[in-house]
Each structure stands twice: as C-alpha cells, then as structure tokens.
Number of protein chains: 2
Amino acid sequence: MSQNVYQPHNHSHCVANALSQAQSLCHDKGARLTKVRQRVLELIWQSHKPVGAYELLPALANDGFNSAPPTVYRALDFLLDLGLVHRLHSLNAYVGCNHPGANHPVCFFICEHCGQAQELPNDKLNALTRQVEQVLGVQVHHQLTELTGLCPSCQPASGETTANDHA
Amino acid sequence: MSQNVYQPHNHSHCVANALSQAQSLCHDKGARLTKVRQRVLELIWQSHKPVGAYELLPALANDGFNSAPPTVYRALDFLLDLGLVHRLHSLNAYVGCNHPGANHPVCFFICEHCGQAQELPNDKLNALTRQVEQVLGVQVHHQLTELTGLCPSCQPASGETTANDHA
DNA sequence: CGTAATATTGCAACATTATAACCTAAGGTT
DNA sequence: AACCTTAGGTTATAATGTTGCAATATTACG
C-alpha cells in the first residue's frame, strides 16, 4: 500500500504529488492541463473525500472561473480520460488517483461515516477479472469495485470514543 | 455458475423461478408482494438487460397502474431491500437477482454492446473483502463490483459475423 | 508574422434520475 | 366498527449530467 488515507499524513504531499504527476503525464501525452482543469484537480485533491461535480462549481466561481455545469464536467472528463481522477458511481462523486496512467482496475473502500475513500492497488482484482473472463468467455474492458463500511477511525471501537469528522 | 445469460436458455424459467423465490421470500419475511411490486419485478425480469426506473413507468401505465416516479422507486426500494433486485450504479439501472436473500457481495459483468448483465457468485470477492479488511483495518458492509466489456456473442470473433441484438 | 486548423471555453437550454411532502386508500388487529 | 400501520396517489422539486452552438484561445504551418 503506497499510502493509507485513514492514517495521519501530510496531505500537502498528496496534493503536490498529484499535481506533479498530472503535469508530467499531460506533458508526455501532449495534453493541455489548462487552468480550469488544474484547478478542478486541486479542488478534488483538497481531501480524500470524493466530491460531487456541483460542489465544485461555487469554488470555481470563487476563483473567477466560469461555473456552469459543462465547465466542470468537461474538466472532469479530461481528468477521467487521463486517469487522474476516478468516478465513484455509488456516490456520483470524483476522487483523485494517486497512480494515474493507463486504464487500470479500480477498487475503492469508502467509509460510510467520514466519507473518505481509499483506493486499493489490488492484486486480487486481476485474479477476479481473469476468472470472470475464463468462466464467461468475455472480454473485460473496465472494472470498478466499491466497498463501503467503516474505516478504523469511524468504528465504534472499545477503546476510542468515536469518530473522525468529515474531512 | 447456476446459469449463464449469454447462452441460449429458456427465459421463462428465469422469470418463473424469480417470481416463485420472491413469493416465498416475502412470505417468510412477512413482506407484502403487492401487485405493483410484483409487476415491477416481472418487468425487470423480462430480460437480463438492466432496466432504468423511468423505462418502467410507461409499462406500468399500460397495465393500469399509477405511473409517477415515486411509484416505481418505492417498488424498487422494496425489491432492493429484500435483495430481489440489484442496482447497477454505472448504468443507473436495475436487474433481477437469481439468488435473493441476505445482503451478499455483488459482482456483475455487463456487456457494453448488448447490455445484458450476468451476476457472478464469486468466491474471489470474499477473498478480496477479507484482504481489504485486514490491510486497512476497516469493516466492509456492502460491496459491488461492475465489470464491463464484451460478452461472447458480441465479440468480433474470427468465426462469427457479429453480435447479439439488444435483448 | 499572418492565417488556417484545432482545441478549449462560455453560455443557454434541456434531459435524466431521484426525492420530499402531504394526503388518501387498503389491510390487519382488537 | 374503531384503530393502527403500511402502501399508494399526486404534485412539485432536487440532484446530476448533456446537447448544441457561438466565441475565444492555442497551436501549426506557410
């Protein structure tokens, strides 16, 4: 595991790393990380809690950008295409990817209390894919697994009082 | 695998089986399988292609039922609670479950050409869950995996001409 | 540089999916 | 029957996402 969002960490490193990876990826692919796109990426990376498209609009307006739905959806599409963010269907929300690149299997755990989402670079996912392909004779192009439950901080543990607040 | 929707099968057996399971499950739990609820379940089971909530409305109207959104959403909520149907987030659509009962891990393969969805009773899913719980220290309550790609009939195979039509 | 081609953004309207709130009807129990 | 609980009818609205076209910015090229 490259990181665990449920443990204390210097989040500015997450953001800096994400931006730097985005820049080099865009450079490599000849894609343009425009101001709106970069700002949307920054906003998404403000926390590990997936953010809805419409939540981004006021923030963009605040920064002097246009803030109609197509603006943010176009930026999101761009970031999704490059694998810089993932979309969590169960939440209709978007979250940063810390190992962007090609189309890769995606598995997230989402805490149903604090809302923070942790991506898992999971070996078992590939095994699952191969098994499905064999059993059904299908070709798998994309895959997304979403697990929900309680993260360590939000479990009503014996020792702790309770929880994280939504970050 | 109890069945494979991508292979020829007597679909009336699927429907009959689903209805009979629904009836006994409702009886056991003291839940009321009313006419609207049963009709919605039948409509969902008309094919293995997940169906959107708003697609059900005209069909209900046709049968003399009320057909405003809350009607169908309430029926869907009922069926979802009992595990008689699943909701596929990537499609915003609903599909029947052929082994209803308690909350169980869900894995679907969805053909991106013909739209038919096959649920997989997958052992690997539980292994995945346990691994995630151990690595992250989390408690998993629900899980949904959605794979997309091409089913055997829809692959541009060497031998075949092409595809299924959307059923 | 100047111009054409391409990519991006602004803008308005609209489509799709889902829910809230409030009331009426049906069914079950005493 | 009187009462309670669950289910359904109805209207309006919220939340999420898209289409189409004009305007502008960026890049490519002569």
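All figures in this text were calculated on a predicted structure; none of them were measured in a lab. The chains referred to below are lettered A, B, ... by the order of the sequence lines, with proteins before strands, and numbering in each begins at 1.
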Colleague: I want to verify a distance call: between dT9(C), dA18(C), dT10(D), whose nearest atom is closest to the Ala53(B) side chain?
Modeller: dA18(C)
Colleague: For a quick test of reading the model: is some side-chain N or O of Tyr73(B) closer than 4.0 Å to OP1 or OP2 of dT19(C)?
Modeller: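 Answer is no, no contact under 4.0 Å.
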Colleague: Figure out the CG/P separation between Asp81(A) and dT8(C), and round it to whole Å.
Modeller: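 Rounded to the whole Å, the gap is 11 Å.
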Colleague: Starting the side chain at C-beta, find the nucleotide from dT10(D), dT16(D), dC11(C) nearest to Pro70(A).
Modeller: dC11(C)
Colleague: For dG9(D), does the base pair up with any side-chain atom of Arg74(B) as donor and acceptor (N or O, under 3.5 Å, distance only)?
Modeller: yes
Colleague: Nearest nucleotide by nearest heavy atom, which residue falls closer to the 5' end of DNA chain C, Thr71(A) or Asp77(B)?
Modeller: Thr71(A)
Colleague: Under 4.0 Å from OP1 or OP2 of dA15(D): is there any side-chain N or O of Tyr54(A) that close?
Modeller: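 Result: no.
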Colleague: Can Glu42(B) and Arg39(B) be counted as an ion pair, charged N to O under 4.0 angstrom?
Modeller: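 A salt bridge is present here (some side-chain N lies under 4.0 Å from a carboxylate O).
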Colleague: With heavy atoms under 4.0 Å as the rule, sort Phe65(A) into base, sugar-phosphate or nothing.
Modeller: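 Nothing, no nucleic acid heavy atom in range.
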Colleague: Tell me: CG of Leu79(A) to P of dT8(C), nearest whole Å?
Modeller: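 Distance check: Leu79(A) CG to dT8(C) P gives 12 Å.
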Colleague: Take the protein atom CG of Leu76(B) and the nucleotide atom C1' of dT17(C), then report the distance between them rounded to whole Å.
Modeller: 12 Å
Colleague: What about His86(A) and Phe108(A), are their ring centers closer than 6.0 Å?
Modeller: yes
Colleague: Nearest of dT17(C), dT16(D), dT6(D) to any side-chain atom of Arg32(B)?
Modeller: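 Selected nucleotide (nearest to the side chain): dT6(D).
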Colleague: Could you tell me how far apart Leu33(B) (CG) and dG8(D) (C1') are, to the nearest whole angstrom?
Modeller: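 So the CG-C1' distance, Leu33(B) to dG8(D), works out to 15 Å.
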Colleague: Taking only the side-chain nitrogens and oxygens of Tyr94(B), find out if one of them lies under 4.0 Å from OP1 or OP2 of dA18(C).
Modeller: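 Result: yes.
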Colleague: Whether Thr34(A) contacts dT9(C) is assessed here as follows: a side-chain N or O lying under 4.0 Å from the phosphate OP1 or OP2. Is that the case?
Modeller: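 So the side-chain polar atoms of Thr34(A) do come within 4.0 Å of the phosphate oxygens OP1 or OP2 of dT9(C), strictly under.
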Colleague: Less than 4.0 angstrom between a side-chain N/O of Arg37(A) and OP1 or OP2 of dA7(C), yes or no?
Modeller: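 No, because none of the side-chain N or O atoms of Arg37(A) sits under 4.0 Å from OP1 or OP2 of dA7(C).
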Colleague: Identify which one of Leu33(B), Leu41(B), Val40(B) satisfies the side-chain contact (heavy atoms from CB on, under 4.5 Å) criterion when paired with Phe78(B).
Modeller: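 Only one option passes, and that is Leu33(B).
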Colleague: To the nearest angstrom, how far is Arg87(B) atom CZ from dA18(C) atom C1'?
Modeller: 9 Å
Colleague: Measure from CG on Leu57(B) to C1' on dA18(C) and round the result to the nearest Å.
Modeller: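 The answer, rounded to whole Å, is 11 Å.
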Colleague: Taking the six-membered ring for Trp, are His11(B) and His9(B) closer than 6.0 Å centroid to centroid?
Modeller: yes
Colleague: Figure out the CG/P separation between Asn66(B) and dT11(D), and round it to whole Å.
Modeller: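 Nearest whole value for this atom pair: 9 Å.
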Colleague: Under 4.0 Å from OP1 or OP2 of dG17(D): is there any side-chain N or O of Asn92(A) that close?
Modeller: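 Checking Asn92(A) against dG17(D): at least one side-chain N or O falls below 4.0 Å of OP1 or OP2.
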Colleague: Between Tyr6(A) and Phe109(A), how do the two ring planes meet: parallel, tilted or perpendicular, split at 30° and 60°?
Modeller: perpendicular
